[in-house]
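So the structure is just underneath, and the comments pick up after that.
As the structure is a computational prediction, the values presented were derived from the model and not from experiment.
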Amino acid sequence: MQTRKLAGRGVSTPAVVIAAPASGSGKTTVATGLMGALRQAGRRVAPFKVGPDFIDPGYHALAAGRPGRNLDSVLVGDRLIGPLYRHGSDDADISVVEGVMGLFDGHIGDVASGGAAQGSTAQVASLLGAPVVLVVDARGQSHSVAALLHGFATFDRGVRLAGVILNRVGSARHDEVLRQGCEQAGVAVLGSIPRADELAVPSRHLGLVTAVEHGRRAGAAVEAMTSLVARHVDLDAVASAAAGHVADEPWTPQLTEPRADAPVVALAAGKAFTFGYTEHRELLAAAGAQVVDFDPLHDPLPSGTAALVLPGGFPEQFAAELSGNDAVRAQIRTLAAAGAPVHAECAGLTYLVDDLDGRPMCGALAGSASFTDTLTLGYRDAVAVCDSSLHAVGERVVGHEFHRTTVHFAGERQPAWCYRGLAGGAVEDGAVLGGVHAGYLHTHPAAHPQAIARFVAAAAHSKPGFTDEVGMGGGL
C-alpha cells in the first residue's frame, strides 16, 4: 500500500482527542457522549479509538452514525495513522478520537526515544496534530488538580492540552474549588459533570458489553451519554479547539483490480462475533469479494459461500446457542474439509475446534477450547510458520492477544504463528490446516492488505465440494 505526502496540504477534518490520566476516569462516556452531542448539534462526526479496542467503536458508531475506526500505531505503524485517519474522516466536519488507558501509556516494553510511547494516546495525538481534552476523575481531590494538570500539560511539549472536562464532581462548592485549581494551572475548563449524573455501562471480563449484545439498551445508553455531555460540556469550545495537521493522502482499500467472479465470502456477525475492523470488510470488497454477513447463532452459511471469515468476540458467552445450530456447524466443517479459505481469529479459533467448554463446535480443527481465569493480553511480534490462504511462510506481523480462553489441539496441524513469549521462549499460536488459518492473534488488515488479496484470490479458486441444495442454503 503506497502513500505519499501532499506538500502544504492540511487535513480538512479537525480533531479533538479525549484522554485521561488513567483508565476508569470516564473517557468512554465523555467521548461517546461528545460524538452524539456534536452530531445532535448538526455536525458530521467521524469517530475513532486509539488502540486495539473492538468494543468502544461499536458505541461510537451508534453515537456518530458512521463506522467507528481504530488508530493503532503498534499494529499498523506510524506512517499509516495519517492515511487511515484521512480515510475515516472523509466528509466529516469534526473527528472525536477516544484515547486508550492514560494519556502517556503505551506499548509495554517499548523504549521511547525523545517522543511519546508507541501506541499511546499522546503519540497518536502528535501524529494527527490534534489537541487533547483531558477527562479528570475529580473524586477525592480539589486544589491538587492544579498539580496534576500542570504535569500533564508540561510532560511532553509535543502534546497540546486544550482543556479539561471535570468528571464526577461532588457539589457546586467542589466545582468551584476545582475550577480555581484549573485556573492556577492555566488549563481551560470545557465541562463539569456532576457525580449524581454518572452513567454505568455493563461490563464483563474483557471490558464493556458490546453494543450488539446490549441491543436496544445500547441505543438508550448512547442517548443518555449524549444528553449528559450536551448538558455539562461546552460543545462550541470543544469544537473551536479541534485542529489537525495530517498531510498524507487518504488510505485506500483498492490494492488490485476487482475480480469479475466476485466469490462469496461469508463474514460471521451477530452477538458472538463482534471483534473486527471496518477496513477488513473494505479490503475484502475492494479485492473483489462479495461479502455477506451471517449470524452463526441462527443462520446457515450464505448461498454460494466460497470462503469464511470468523472474527473475534465472545463465543464462550453463547456456547450453547452456537452449539445448537447444528446445520451451520456441519456446513463449516464441510467447507473447511474441502480446502476452502477460512480465516479465524480468537473467538473464531475456539468455534472451529471440536468443543468449547464441553459443548460441540464445528470440528474443523481437532482439539478443545475452554474458558480460564487467566487474561492473556498484549502485542506480539509474530512470524508465519508456513504458507496459508493468508500469508506466505516467513511473513512478519504485529498482532494483539486479548482472551481468557485456551485451546488444546489434538490432531495434525501446523502453527499459524510463532513469537517470543514473555519468558523468552518460543510460543506457537493457532493452526493452519488445508485452507484454514486460525489463531489467537488479532491483526489489522490495513497493515497487511496483500493477505486479504491472497485470501480473496484463494476464494475465487475454491471448490467447496457441495451444492446449494446440499447444506449451503437450506441446511443439512
Discussion item. Distance check, rounded to the nearest 0.5 Å: His448 atom NE2 versus Leu283 atom CG?
Written reply: 11.5 Å

Practice prompt. Could you tell me whether the side chain of Thr278 and the main chain of Gly68 form a donor-acceptor pair under 3.5 Å?
Written response: yes

Worksheet item: Between His60 and Val96, does a side chain to side chain contact (heavy atoms under 4.5 Å, CB included) hold up when you go through it step by step?
Response: CA-CA 9 Å; His60 295 171; Val96 177; over 6 Å; no

Item to complete: List the atom of Ala453, the atom of Ala287, and the distance in Å for their closest heavy-atom pair.
Response: CA-CB, 4.2 Å

Worksheet item: What pair of heavy atoms forms the shortest contact from Val265 to Ala289, and how long is it?
Response: CG2-CB, 3.6 Å

Worksheet item: Is the centre of the Phe273 ring less than 6.0 Å from the centre of the Tyr351 ring?
Response: yes

Worksheet item: Has the side chain of Arg66 got a donor or acceptor atom that lies under 3.5 Å from a matching backbone atom of Gly88?
Response: yes

Worksheet item: Is Ser227 reaching over with its side chain to a backbone N or O of Ala224, donor-acceptor style, under 3.5 angstrom?
Response: no

Worksheet, complete the sentence: So NE2 of His280 and NE2 of His444: to nearest 0.5 Å the spacing works out to 10.5 Å

Practice prompt. Compare all side-chain heavy atoms of Val100 with those of Asp105 and state whether any distance is below 4.5 angstrom.
Written response: no

Item to complete: Answer whether the closest heavy-atom distance between the side chains of Tyr419 and Glu401 falls below 4.5 Å.
Response: yes

Worksheet item: Between atom CZ of Phe318 and atom CG of Asn325, what is the distance when rounded to the nearest 0.5 Å?
Response: 14.5 Å

Discussion item. Just so I know, are the side chains of Ser73 and Gln123 near enough to count as touching, which here means a heavy-atom distance under 4.5 Å?
Written reply: yes

Discussion item. Looking at Arg359, I want to see if its CZ is surrounded by more than 12 non-hydrogen atoms of other residues, nucleotides or ligands under 6.0 Å.
Written reply: no

Practice prompt. Could you walk me through whether Leu349 and Tyr440 pass side chain to side chain contact (heavy atoms under 4.5 Å, CB included), step by step?
Written response: CA-CA 7 Å; Leu349 166 63; Tyr440 272 117; 3.8 Å; yes

Worksheet entry | Arg329 (side chain) donor-acceptor with Met361 (main chain) under 3.5 angstrom | yes

Worksheet entry | His437 ring center within less than 6.0 Å of Phe455 ring center | no

Practice prompt. Measure the OG1-CZ distance between Thr376 and Phe402 for me, rounded to the nearest 0.5 Å.
Written response: 11.0 Å

Worksheet entry | Glu279-Asn70 side chain donor-acceptor pair, cut-off 3.5 Å | no

Discussion item. Tell me if a side-chain donor or acceptor on Ser89 pairs with a main-chain N or O of Ala46 at a distance below 3.5 Å.
Written reply: no

Worksheet item: Would you find a donor on one side and an acceptor on the other, under 3.5 Å apart, between the side chain of Asp355 and the backbone of Ser368?
Response: no

Item to complete: Taking all heavy atoms of Ile81 and all of Leu128, pick out the closest pair and write down the distance.
Response: CG2-CD2, 4.1 Å

Worksheet item: Taking all atoms of both residues into account, what is the closest heavy-atom pair of Val45 and Ala64, and its distance?
Response: O-CB, 3.5 Å

Worksheet item: Which pair of heavy atoms, one from Leu75 and one from Tyr277, lies closest together, and at what distance?
Response: CD1-OH, 3.5 Å

Fill in: salt bridge (charged side-chain N to carboxylate O under 4.0 Å, His left out) between Glu395 and Arg454, worked out
CA-CA 13 Å; Glu395 284 188 18; Arg454 180 182 176 110; 5.0 Å; no

Worksheet entry | Flag side-chain contact, heavy atom, 4.5 Å: Leu71 against Leu84 | yes

Practice prompt. Assess whether side chain to side chain contact (heavy atoms under 4.5 Å, CB included) is satisfied between Ser126 and Val159, documenting all intermediate values.
Written response: CA-CA 6 Å; Ser126 296; Val159 179; 3.6 Å; yes

Fill in: Rounded distance [0.5 Å steps], CG in Asp137 versus CG in Asn167
6.0 Å

Item to complete: Grab the two heavy atoms, one from Ala431 and one from Arg413, that are nearest each other, plus how far apart they are.
Response: CB-CD, 3.7 Å

Worksheet item: What is the ring orientation for Tyr85 with Phe48, classed by angle as parallel under 30°, tilted 30 to 60°, or perpendicular over 60°?
Response: tilted

Practice prompt. Look at the side chain of Arg86 and the backbone N and O of Asp248, then say whether any donor-acceptor pair between them is shorter than 3.5 Å.
Written response: yes

Discussion item. Side chains of Tyr379 and Gln118 only: does a donor on one sit below 3.5 Å from an acceptor on the other?
Written reply: no

Response to the item:
With Ile18 as partner, the option from Val132, Leu134, Val133 fulfilling side-chain contact (heavy atoms from CB on, under 4.5 Å) is Val133

Worksheet item: Quick check: does any side chain N or O of Thr372 sit under 3.5 Å from a backbone N or O of Arg404, one acting as donor and the other as acceptor?
Response: yes

Worksheet item: Would you say the side chain of Asp90 lies within less than 4.5 Å of the side chain of Pro250, judging by non-hydrogen atoms?
Response: no

Worksheet item: Can you check side chain to side chain contact (heavy atoms under 4.5 Å, CB included) on Leu228 and Ile193, steps first, answer last?
Response: CA-CA 8 Å; Leu228 179 73; Ile193 300 175; 3.8 Å; yes

Practice prompt. Please determine, by modelled atom types, if Thr226 and Gln40 share a side-chain donor-acceptor pair under 3.5 angstrom.
Written response: no

Response to the item:
To the nearest 0.5 Å, atom CD1 of Ile55 lies from atom OG1 of Thr28 at 10.0 Å

Worksheet entry | N/O donor-acceptor pair under 3.5 Å between Asp429 side chain and Gly439 backbone | no

Discussion item. Could you check whether any side-chain N or O of Asp357 sits under 3.5 Å from a backbone N or O of Ala319, counting only pairs where one atom can act as donor and the other as acceptor?
Written reply: no

